[in-house]
Amino acid sequence: MTMKVTSKTFIRKTKRGNILKIVREHYLRDDIGCGSKICKKCKHNSERPLVKHQSINTDFQDKHYLLVDTNVVLHQIDALEDETLKNVIILQTVLEEVKHLSHSVYKRLMDIIGNYSRSFYVFVNVYHKDTYVERVRGESPNDYNDRMIRVAALWYNKHLDDKIKVLLLSSDEASKAKAINEGIPTMSLAQYVSGLNNVTLTDKLSNHSCMVEETSKEPIFPPHLTPAKIHQGIKAGKLMQGTFFASVDNFLEGNVFVEGQEKNILLQGRENLNRAINGDIVAIQMLPESQWSAPANLVLADYDDLDLENNLNTVEKPKEKYPTGQVVGIIRKKWRQYCGIIQHSLVENATRHLFVPAEKKIPKIRIETRQYDKLKDQRVIVSIDTWPRNSRYPLGHFVRSLGKIGEREAENEVILLEHDVPHSKFSDEVLGCLPKETWTISATDLVGRKDFRELDICSVDPPGCTDIDDALHCMPLDNGNFQVGVHIADVTHFVKPGTAIDLEASQRATTVYLTGRRIDMVPGLLSSNLCSLRGGEERLAFSCVWEMTPNADIVNSTYTKSVIKSKAAMTYDQAQLIIDDQNQDNSIALGLRQLNKFAKILKKRRIEAGALVLASPEIRFLVDSETRDPLDVEVKQLKETNSMVEEFMLLANVEVAKKIHSDFPEFAVLRRHPKPPPSNFESLIKAAAHLGVELNVDTSRDLANSLDKAVKLDNPFFNTMLRILATRCMLQAVYFASGTKTYDEFLHYGLAAPIYTHFTSPIRRYADVMVHRLLAVSVAVDNTTPEMLDKRKIEALCQTLNTRTRMSAYAERASVALNTHIFFRGKIRDEEGYILYVRKNALQILIPKYGLEGTLFLSPRKGQLQAATFIYNEEEQTQRCGEIVFRTFDPVSIQLSLDSSNVQHERIVLKLVKPEILNFSVPSITASTVAVQQPQKNPLEPCDSPCEPQPKKAKI
């Protein structure tokens, strides 16, 4: 090996006036291998050399390897991920530039490079003596990188002595022309792929040209301002920037959150939305106050849905106007890959098609594909390339197929991808962090732990639960008090800071529970075995042990690492039977009864302090053991044991929060639930007032008292409806670092807790893992790490946890909706429902039995005729048809069916049965349909956990 050193010298003047000479040395080598297996000159330093030449190409018939430039990687990563392209040279120059420009593309490229079968070889050209060149004065960084790429491509072709060509793929026309002049074999990726005659790969090519059907028409959208003008406008205060959120109900409406503004900025109409896509950071210009508007209160899915211009023009002038603006530029795109279906096409052999995303907030995307016959009944993934002014829809390209529409696996994959749920198999590096399956507790593991194996500890969980986080015990003391213990799985014993398994868990953030499937935060060996507090097995735990008076007052507290052996792992039903069966008087039964008494006292105190008892419709599917198809649906019934476990988890979380905050006032990981602004309750207060019910929302206690008093004898479900709607007025509970907020901001509004955290579920929540580490340091059984005392890193991780937690909740709801659709295939049911919202053209109906919320359209859809006419009263929030008036909370009888007429998009259809409206209602399918005037007993029990539904236990 010979070394060559190049150097650059810089002269700088310091603040004190001294002259500083800086010399940068760059070492060049001659022993860096080219990576080709046929080369006899180089010693191969890679375990994955370029094995053989690329497939024969009709447009380039020589044997060849591929070398790609930066633009190809950035814009055609979907094509590069295709298995067809192998034996590709990635220059270090390209790798570094991609890393600088797009971290997500860089990560995907590194995944390809890490796949041995693809033979992607990284050539470190910047340190090779024959491929490194100095940057010349006046040369831009981009031009310099392009020249480095051409120099490396030329060297490869000379180095391999024409035994095999190296074909440069470039999408930069200027650089491509220079390469051809220099004698380098060069073409674009599109040209190369056309010679492979591979239709699937062709469809994956990103298309940034204007493939638009309306090219002969005038532009549809206003032009976007240049980045320079946007910057000037924001600096001058003429423009504002914020995050765009598209409406779920109305595709021609959205709003922009601008930091510091009291209200979001309303956007209405195609021109004002101006090609913004949900999540984009946009620049907006405020409209004159005379043009301010209000939400249209319409349910509009697409241009084809209704006669939009007429509908929008007939909207009455709103009494309350909202700040309204228009998008003048996109500062940062939030584009990603989208799951969905290809819209049915009537044109034979057409190549241009519309893709319909599963996410309602995303517009349709126009793509080119020659695989329509193959993909028309498939769930597919599509990426957006561009959105020209003269196209009604953005332009994109096909990425891959997920499977047949309606098949459980394909639909579950859509749910996980759309909600950005990490669900790939755990890597070998992660699995390498696990102990052996035969692991048992050793003497070393017991050092510093208290031995609670003789205590009568038990766990209470849902049926079939295998990831048991928590267990309880209660025993009388000689002084008349009781010892109460909450024992939590010690996950941190196995998940050490900074390890691969820790990094993976932090990115997953939470276990996700779909119907019939669980995506674990940590591998199953831990979640369902070594960490799970299974009955009759010794397990490591972190215990909170209190001495309590008979009145549930805590006399003293102990926090300690421990070893336990649960005497029983019970379901809620089993525990309830033991409590209720007075003939059982063993220590487990006596302990459960005392815990239940304590829980009732604790809950009473919380409610008196202002804790809210809200409601959310939660259901459970009974599934076929073989096909996993839902056979029946039932509403989850909560028992006293549900509340018992919940109260002690709440207590442990509150007490641990106090402890870690006292010891780490700047770095404690806490959870806050901000007080909702009064504006969030406006529509609820208005709807309740129309029925003579007054809601006071000044404090959580005032709201709780108002909800308790809100009872209507003629509608037993009224109170539960109010609580469901009150839940939707809440803000999201979030994790945060204690040093980033004042103590007053720590409040958990829903629980009326001044300070709160998550400690009790470390198997399925990474926030709890972080809290366990802090508590371990507090009780002197572990040491701090730099990351634990870095407020910025803690806060950044908390933001990741908040996003993952929110998306997992959405994924779980989507899974319920999917299984509801599967359940309704071939079925028609008449069910009792209640009006949640009154819209201008529809009613939003809640069907409690199925936890289902659907839309009953009152206006005819485009192309349909309807004899019945409904009159909307915006002030009173009512819909009237003759003598029939619909208001929020009213009971109705609804016919449910699954519309499968469009094979590409099934949907639950709601039709009105009662009250009967001529030429609108449909007859009941069964004489036994429950009368609306005599509703069933309230099937939904209240739950104490606003904003946080949880399949296993209430997330609190």
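These values consider heavy atoms only, across backbone and side chains, with no hydrogens, waters or symmetry-generated copies.
For the residue pair Gln844 and Thr855, a side-chain donor N or O sits within less than 3.5 Å of a side-chain acceptor on the partner. A donor atom on one side chain and an acceptor atom on the other are found under 3.5 Å apart for Thr466 and Arg518. Judged purely by distance below 3.5 Å, without hydrogens or angles, the side chains of Thr492 and Asp490 pair a donor atom with an acceptor atom. Side chains of Arg539 and Asn529: a donor-acceptor N/O pair is present below 3.5 angstrom, by distance only. Using a 3.5 Å distance cut-off with no hydrogens or angles, the side chains of Asn819 and Arg408 do pair a donor with an acceptor.
The cationic group of Arg671 lies under 6.0 Å from the six-membered ring centre of Tyr735 and within 45° of the ring axis, placing it in a cation-pi geometry.
Under the salt bridge (charged side-chain N to carboxylate O under 4.0 Å, His left out) criterion, Arg400 pairs with no residue, sequence neighbours left out. Glu413 meets the salt bridge (charged side-chain N to carboxylate O under 4.0 Å, His left out) test with no other residue; sequence neighbours excluded.
Under a 4.0 Å N-O distance rule, the pair Glu359/Lys334 does not qualify as a salt bridge.
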Query raised in the report: Can you list the steps and then say if Arg723 with Asn719 is a side-chain hydrogen bond (donor to acceptor under 3.5 Å, both in side chains)?
Result: CA-CA 6 Å; Arg723 295 181 189 274; Asn719 187 265; 2.7 Å; yes
Requested in this report: Begin with the C-alpha distance, continue with both residues' side-chain angles, and end with the deciding distance and a verdict on ring-ring contact (aromatic ring centres under 6.0 Å, His included) for Phe244 and Phe257.
Outcome: CA-CA 7 Å; Phe244 171 68; Phe257 168 74; over 10 Å; no
Report task. Give the intermediate values and the outcome of side-chain hydrogen bond (donor to acceptor under 3.5 Å, both in side chains) for residues Arg764 and Ser761. Result -> CA-CA 6 Å; Arg764 58 192 174 94; Ser761 296; 3.0 Å; yes
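The aromatic rings of Phe759 and Phe542 stand perpendicular to each other, their planes meeting at an angle above 60°, with 30° marking the opposite boundary.
Rounded to the nearest 0.5 angstrom, Leu472 CG and Asp470 CG are separated by 6.5 Å.
Checked against a 6.0 Å centroid threshold, the rings of Phe355 and Tyr338 do not count as neighbours.
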